[in-house]
Amino acid sequence: MKRRKFFEKSVKATLGASVIPLTGYSNDPEKANSTDLTSEKPFGNTDPNQWHQMGTGKKPRPDRRKTETYDVAVIGGGAAGMCAAIAAARNGSKVVVIQDRPVLGGNSSSEIRVHLNGVNHLRNGLPERETGIIEEILLHNRFHNPQDSYPVWDHILYDFITKEENLDLKLNTTAIRAIISDDGKIEAAYCWQLTTETEFTIEASIFIDCSGDGLLGATAGALYRTGREASSEFNEKYAPKEADGWQMGSTVLLGSKDMGRPMPFEPPHFTLKYDAEKSHKGRQLKPFELGFWWVELGSDEDIIGEFEDNKHKLLGYAYGVWDYMKNSGKFPETENYALDWVSSLPGKRESRRFIGDYILSEPDLLKNKQFEDAVAFGGWSLDEHNPGGIENLNEPPSYFHEDFEEPYQIPFRSLYSKNVPNLLFAGRNISQTHIALSSSRIMATCALEGQAVGTAAALCVKKKVLPRKLGKTYIEELQEQLIRDDAFIPNRPANDSTDLVKRAALIFGSSTSSGDAKLLNDGWSRDYNDNPHHWQSDGLPAHVQIEWDDRINISQLELKCDTNVKRNLMLRRDSLENDVYTTKVPKELLRSLDIEARINGNWVKIGSIDKNKTRLIKFNFETIETTAVRINLKSTYGADHAKLFEVRCYS
């Protein structure tokens, strides 16, 4: 295997050799301390007959060095990485997820417990909620975690991703460095699994870095930038006049519990005093039960390299704020409260941002630029946290610069590397400016990017092309597949020529309270910009019927029902229930239905579902010849009427 040295000069400056674990084992101190990382030969004990020494017990597992091959390797198991992996697997690729933590979910996991926000509200106060894979995950949680438990959420995610065919998951595994081929592509990722003392060399055709910090991409020599751009570079009105290194910080969250009796608090030795008198009024101390998101530390230095130092200070600051609440005498309502949980892993917001063929910037978002290669959307406010964090007390903790009238588009050209040909990325490390990141870093937005690049990776494998070529030649095919899989691209309706409903002579409903059954074929999967794109029954049961002039062969029927995208579904620590947030399964979701086909003049049932759990409902069956299909809608999870947005048929 030909390999060129993976350390370029720029990478040497950002990544010390000391982070690379040994690729062999030896009792010889000189060999054990070797740092000759560019050698073709592994160092240490490489005799296969000696590897049994690494195993223990009656049935040792000496195979501690493995090479595995996949179509697509996804680095990172947060919202972006999970959706990327599932999308690639569902579209036919053999996929592996490399996750360096014991749980999935990234910032939303039980380790950190950040709300999995998306386009939670626009200027009208309503969401434009994400659909596709991330909605499936949130619905899965609503069905199986009604108690809103974060530790259970970890296993909801584990259940969801491990049930997927074509997908392997490696937890507690770090992708430490990229191995580069002579043509500049990533040939493999060298990984270390802490819990099993196993080295994995993961070979793949396409790599997707969804790790946030982007270590794999950095060691591959992928171009990236950090810090804030000067306002003049991208004409960003909220950027500083001069470029600097400031990056938004990480946060330590905590939670407290009413114990029903006085609970004194003595701060630990590492506590750092919170100076409330100097604090900006935006640093609100009530409500206090769920902690304070503004216990945050940013940096204009190496925010990755100093993470452990910052974590130590953040724990001190978090306990300092709690000490002030408990012992200042100004908050008697905390008397019976005790700390119930404190995060040991700060939630990150910003570090490396890779450079793609396009750098998304503030004007693109605010002016709602329309991209021919749009594959995802965002709409969280321009929310730039105070770079100094809690060490800059006299300024507000966050600058909500501006809300959006409608969602903005994210182009595919911002999701692949400018100089590493087979590297895609999704999440906070995409090609964008610091100000653009202040909005797009939100997890559900990252998840949409993940579904986009996962789908793109599978298409790259099928067509044997690299991401840039895919974007130039097959972008419409990528967009159509995303929309078919229930991702939404603002202002981009579907136009799938293989959908047989496009050839239907007639579409009608048995009863109608709103909309028109013909709208089920207009290419839109939600009501948008005040325009209806649905049909809704007048009561239940009801049916929709599709007629063709000539006989057709079909084996698949897909429909998109209602989950009320104007209401948020994410797990929240406060279990908020109101007009904008819900802790329940959407009452609008279809629960039971069946489908029939008219075959030789007779209606024949060809599929049924009694407990549906998704917005995108798929029926697969043996190919039949028919002139009509009827969808019988029986019940929802509480709504009196059933609403559909789209019906498709395929041969």
Determine whether the aromatic ring centres of Phe488 and Phe645 lie less than 6.0 Å apart.
no
Identify the two heavy atoms, one from Tyr150 and one from Ser109, that lie closest to each other, and give their separation to 0.1 Å.
CD2-O, 4.1 Å
Hey, are Asp213 and Arg352 close enough for a salt bridge, meaning a charged N less than 4.0 Å from a carboxylate O?
no
Run the numbers on Glu68 and Tyr70 for side-chain hydrogen bond (donor to acceptor under 3.5 Å, both in side chains), then give the verdict.
CA-CA 7 Å; Glu68 298 181 359; Tyr70 297 87; 2.8 Å; yes
Tell me, do Leu345 and Phe307 make a side-chain contact under 4.5 Å, heavy atoms counted?
yes
Starting from the C-alpha separation in whole Å, work towards a yes-or-no answer on side chain to side chain contact (heavy atoms under 4.5 Å, CB included) for Tyr358 and Phe371.
CA-CA 11 Å; Tyr358 190 87; Phe371 295 97; 3.7 Å; yes
With a 3.5 Å distance limit and no angle check, can you tell me whether Asn120 reaches the backbone of Pro127 through a side-chain donor-acceptor pair?
no
Heavy atoms, side chains only, cut-off 4.5 Å: are Arg65 and Thr198 in contact?
no
Are the charged groups of Glu480 and Arg492 less than 4.0 angstrom apart, N to O?
yes
Any salt bridge linking Arg648 with Glu558? Criterion: basic side-chain nitrogen under 4.0 Å from a carboxylate oxygen.
no
N-O pairing of Asp373 and Arg413 below 4.0 Å:
yes
Charged N-O contact under 4.0 Å between Glu577 and Arg567
yes
Verify the neighbour count for atom NZ of Lys163: are there more than 12 heavy atoms of other residues, nucleotides or ligands below 6.0 Å?
yes
Taking side-chain contact (heavy atoms from CB on, under 4.5 Å) as the criterion, tell me which of Leu116, Asp486, Leu138, Leu448 meets it with Glu130.
Leu448
Stepwise, does the side chain to side chain contact (heavy atoms under 4.5 Å, CB included) test hold for Phe200 with Lys170?
CA-CA 10 Å; Phe200 288 99; Lys170 297 187 187 303; 3.7 Å; yes
Check for a donor-acceptor pair, side chain of Ser592 on one end and backbone N or O of Ile609 on the other, with a separation under 3.5 Å.
no
Where do His115 and Leu571 land on the side chain to side chain contact (heavy atoms under 4.5 Å, CB included) test, with the steps shown first?
CA-CA 6 Å; His115 299 159; Leu571 174 65; over 6 Å; no
Are Glu350 and Arg441 within salt-bridge range, i.e. N to O under 4.0 Å?
no
Leu459 and Glu477, any side-chain heavy atoms less than 4.5 Å apart
yes
Worked check of ring-ring contact (aromatic ring centres under 6.0 Å, His included) between Phe425 and Tyr224
CA-CA 12 Å; Phe425 29 74; Tyr224 66 85; over 10 Å; no
Carboxylate-amine/guanidinium proximity below 4.0 Å for Glu596 and Lys605
no
With heavy-atom distances below 4.5 Å as the criterion, would you say the side chains of Lys587 and Thr636 are in contact?
no
Checking side chain to side chain contact (heavy atoms under 4.5 Å, CB included) for the pair Gln99/Asn172: CA distance, chi angles, key distance, verdict?
CA-CA 6 Å; Gln99 166 69 336; Asn172 298 301; over 6 Å; no
Crowding at CD, Glu165 (>12 non-hydrogen neighbours, <6.0 Å):
no
Flag side-chain contact, heavy atom, 4.5 Å: Glu135 against Thr563:
yes
Arg90: which residues meet the salt bridge (Lys or Arg N to Asp or Glu O under 4.0 Å) condition with it, sequence neighbours left out?
Glu136, Glu164
Taking Arg615 first and then Asp562, would you say they form a salt bridge - that is, a charged N and a carboxylate O separated by under 4.0 Å?
no
Could you tell me whether a side-chain N or O of Arg113 sits under 3.5 Å from a main-chain N or O of Arg573, the two making a donor and an acceptor?
no
Neighbour count >12 (heavy atoms, 6.0 Å) for atom OH, Tyr528:
yes
What verdict does the side-chain hydrogen bond (donor to acceptor under 3.5 Å, both in side chains) test give for Trp380 and Thr445, after you've listed the backbone C-alpha separation in whole Å, the side-chain angles of each residue and the deciding distance to 0.1 Å?
CA-CA 9 Å; Trp380 183 265; Thr445 302; over 6 Å; no
Below 4.0 angstrom, N of the basic side chain to O of the carboxylate: do Arg142 and Asp148 qualify?
yes
